[in-house]
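Computed from heavy atoms alone, side chains included, the values below leave out hydrogens, waters and symmetry copies. Just so we're clear, the structure is a prediction, and the values are computed from it rather than from any experiment.
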Amino acid sequence: MAHVLHAAPSGIDLGNIANRTTRLTEGVSVYPDHGLNEHVLLDNADRAMYRAKKSGRNQYQVFKADIDHTSIKPSHPKC
């Protein structure tokens, strides 16, 4: 996964407006270890991503069952 972070662009040139730095933070969940359907996998990937953000930007976190499910809420809508 680290190679994905290194492949991401380090900045975006917006012409005369600005030059912005980009950062990539990822959460990873793997079927079937972290969920048996897309909703559970996305929830767990979201939780892992928010844990990565709490640890500092521009990194990734693989889902772990010990992630506090009450303090980290998934961002995608339920179907």
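One finds the NZ atom of Lys53 at 12.0 Å from the CG atom of Asn58 (value rounded to the nearest 0.5 Å). Here the straight-line distance linking atom CG of Leu24 with atom OH of Tyr60 works out to 12.0 Å at 0.5 Å rounding. Expressed to the nearest 0.5 Å, how far CD of Gln61 lies from CE of Met49 amounts to 12.0 Å. Distance check: Thr25 OG1 to Lys54 NZ gives 14.0 Å after rounding to the nearest 0.5 Å.
Closest approach of Gln59 to Ala52, counting heavy atoms only: NE2-O, 3.6 Å.
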- Task: Could you give me the CA-CA distance, side-chain angles and deciding distance for His34 and Val28, then say whether side-chain contact (heavy atoms from CB on, under 4.5 Å) is met?
- Result: CA-CA 9 Å; His34 304 141; Val28 179; over 6 Å; no

- Task: Evaluate the criterion side-chain contact (heavy atoms from CB on, under 4.5 Å) for residue pair Tyr31 and Leu36; output intermediate values, then yes/no.
- Result: CA-CA 6 Å; Tyr31 174 86; Leu36 298 178; 4.3 Å; yes

